[in-house]
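Step one of this worksheet: look at the structure below.
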2 protein chains.
Amino acid sequence: MPEQSSLTESQNKIFNFITRYVAEHKRPPSVREIQKQMKYKSTNAVAEVLDALEKKGYIARRSGARSIEILQQDDLMNFGFGSPALDKVAPVPLMSVDWFAKGEKMKPISNLYLDKMLTQNRECMLLRVDDDGMEKSGILKRDMVLVEKREPSASDKDVLVAAICEDGAIVRSYRFINERVHLVASSRSYSERVINPNEKFPEALVVGVVLSLFRNILR
Amino acid sequence: MPEQSSLTESQNKIFNFITRYVAEHKRPPSVREIQKQMKYKSTNAVAEVLDALEKKGYIARRSGARSIEILQQDDLMNFGFGSPALDKVAPVPLMSVDWFAKGEKMKPISNLYLDKMLTQNRECMLLRVDDDGMEKSGILKRDMVLVEKREPSASDKDVLVAAICEDGAIVRSYRFINERVHLVASSRSYSERVINPNEKFPEALVVGVVLSLFRNILR
DNA sequence: CGCTAAACTAAACATTTGTTCAGTATCGCT
DNA sequence: AGCGATACTGAACAAATGTTTAGTTTAGCG
């Protein structure tokens with residue numbers, strides 16, 4: 001990930017406040033509302049933090065009142081609008097993987113129903129990650145990944161893909177080099193897999209692009 | 001049931017403009033921006049249309065600049081008939097956190113619909129993690145956590161809990177020692193928070209037990 | 001016709017809001 | 001000690017913005 005320059009305590013506080021405020025009120029806060037929240041006695045205290053946030057690329061400002069715009073879109077929920085409705089749910093098949101050297105198979109075990117805000121209206125499936133190859137990227141064995149069923153395109157830079165292979169389902173970084181697909185783990189101890197386009201029985205089969213991650217915490 | 005009063009041409013035009021503007025700019029337009037768009041020569045032309053829209057329940061206005069809020073027209077959840085998914089899905093409120101030293105507030109922003117397999121049929125909510133205190137446990141800032149709304153019990157050994165505090169929502173290990181609740185981060189750089197049972201305004205408020213974790217991977 | 005509502009123009013006014021300038025204080029680093 | 005970054009207080013100002021009051025015009029309707 002492109003490590004965002006880190007924030008100081010007050011910068012983090014204010015940035016969090018802004019995101020919460022926007023989510024709740026559907027408009028950015030004014031400088032003086034931030035001031036009140038932070039219990040500052042001068043608006044300039046806010047102004048300087050906003051300058052820093054802007055310089056670090058967390059926000060942008062235009063002219064006029066309430067002009068703060070949040071630049072992070074990794075927000076997952078850019079909950080601007082979304083009113084709840086049931087047509088907002090999509091069935092997502094939970095797939096189990098059977099791999100045979102000659103022909104792979106994936107079978108739906110059951111359907112989970114997920115809000116379309118999560119599936120982003122794409123054709124998805126759920127897979128259980130079967131190794132620790134992406135541990136360093138925060139994806140652990142036994143995590144569930146929500147995968148969009150599609151072949152990565154050339155424009156996909158540094159996406160994570162799900163693939164099935166001997167070991168079951170795995171997640172890897174996707175690189176396209178010299179007509180070949182390279183599947184790269186984040187841990188060095190996992191070797192790179194290279195897929196030749198002409199290969200009849202490749203050692204791994206890319207099944208889609210990883211959209212998000214789901215992990216059970218409570219045992 | 002409340003037959004939506006219909007809109008006049010200019011009312012409709014302006015209402016549509018507001019909707020588009022919010023979608024595009026993530027903040028409401030100012031009165032004068034609407035005036036410009038409509039090629040009015042007086043702001044009062046706008047003011048009157050806005051009065052009408054407010055009276056008809058299409059928008060609401062608060063104080064301050066850019067205070068127009070679009071009201072949801074779609075009647076709340078249409079818990080109508082047999083979508084096959086219905087009984088498998090539960091609405092989970094996505095909460096935003098406002099913290100004041102004396103009185104904490106949590107407000108639902110919107111509902112996400114999640115399979116009951118995920119909520120395990122418990123009363124849940126979704127929170128966005130606002131710090132890196134549990135980074136070492138694999139819970140990162142900006143992750144969403146699915147939280148069961150309940151006080152941890154003595155039998156809960158080493159559960160992770162969500163709490164709200166000055167910094168927003170945080171996740172911590174829960175320890176009960178000497179009548180006191182200890183909230184422990186996995187990173188050493190985050191200090192432990194201790195909650196006294198008699199404390200009137202504790203520095204953090206436990207809101208529930210973390211069931212699972214959700215993270216957006218694709219940008 | 002006369003009435004009313006909607007749809008404006010025109011001009012002021014009061015707030016809200018962003019920005020800036022001049023200071024003070026603390027901390028880590030050199 | 002000196003320097004720069006961060007974190008503020010306090011005060012003032014100008015621009016942006018919401019609101020109001022007074023008047024004109026048009027269209028529909030009884």
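Chain letters run A, B, ... following the sequence lines, proteins first, then strands; residues in each count from 1. Computation of the quantities below employed the complete heavy-atom set of this structure, encompassing side-chain atoms and omitting hydrogens, waters and symmetry-equivalent molecules. Remember, it's a predicted structure, so these values are computed and weren't measured experimentally.
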* Asked: Charged N to carboxylate O under 4.0 angstrom, A:Asp130 versus A:Arg128?
  -> no
* Charged N to carboxylate O under 4.0 angstrom, B:Arg150 versus B:Asp156? -> yes
Between [options], spot the one nearest the side chain of [X], thanks.
X       : options               : answer
B:Ser42 : C:dA10, D:dC8, D:dT9  : C:dA10
A:Ser10 : D:dA7, C:dA10, C:dG18 : D:dA7
A:Ala45 : C:dT17, D:dT9, C:dC8  : D:dT9
B:Thr43 : C:dA11, D:dA7, D:dT21 : C:dA11

Could you state the [atom1]-[atom2] distance from [X] to [N], rounded to the nearest angstrom?
X       : N      : atom1 : atom2 : value
B:Lys41 : C:dA12 : NZ    : C1'   : 19 Å
A:Asp51 : D:dA5  : CG    : P     : 14 Å
B:Ile34 : C:dA7  : CD1   : C1'   : 16 Å
A:Gln37 : D:dC8  : CD    : P     : 14 Å
A:Glu33 : C:dT15 : CD    : C1'   : 13 Å
A:Met38 : D:dT9  : CE    : C1'   : 15 Å
A:Leu50 : C:dT20 : CG    : C1'   : 14 Å
A:Lys36 : D:dC8  : NZ    : P     : 19 Å

* Asked: With sugar-phosphate meaning primed atoms plus P, OP1 and OP2, does B:Glu48 contact a base, only sugar-phosphate, or nothing at under 4.0 Å between heavy atoms?
  -> base
* With heavy atoms under 4.0 Å as the rule, sort B:Thr8 into base, sugar-phosphate or nothing. => sugar-phosphate
* Does B:Arg180 CZ have over 12 foreign heavy atoms under 6.0 Å away? -> no
* Side-chain touch B:Leu50/B:Ile18, heavy atoms, less than 4.5 angstrom -> yes
* Can you measure from CD1 (B:Ile14) to CD (B:Gln37) and round to the nearest 0.5 angstrom? => 9.5 Å
* Asked: Does a nitrogen or oxygen in the side chain of B:Gln35 sit under 4.0 Å from OP1 or OP2 of C:dT9?
  -> no
* Of A:Tyr40 and A:Arg32, whose closest DNA chain D nucleotide lies nearer the 5' terminus? -> A:Tyr40
* **A:Arg66 or B:Lys39, whichever maps to the more 5' nucleotide of DNA chain C** => B:Lys39
* Determine whether any donor atom in the side chain of B:Asn44 lies under 3.5 Å from an acceptor atom in the base of C:dT9, or the reverse, and answer yes or no. => yes
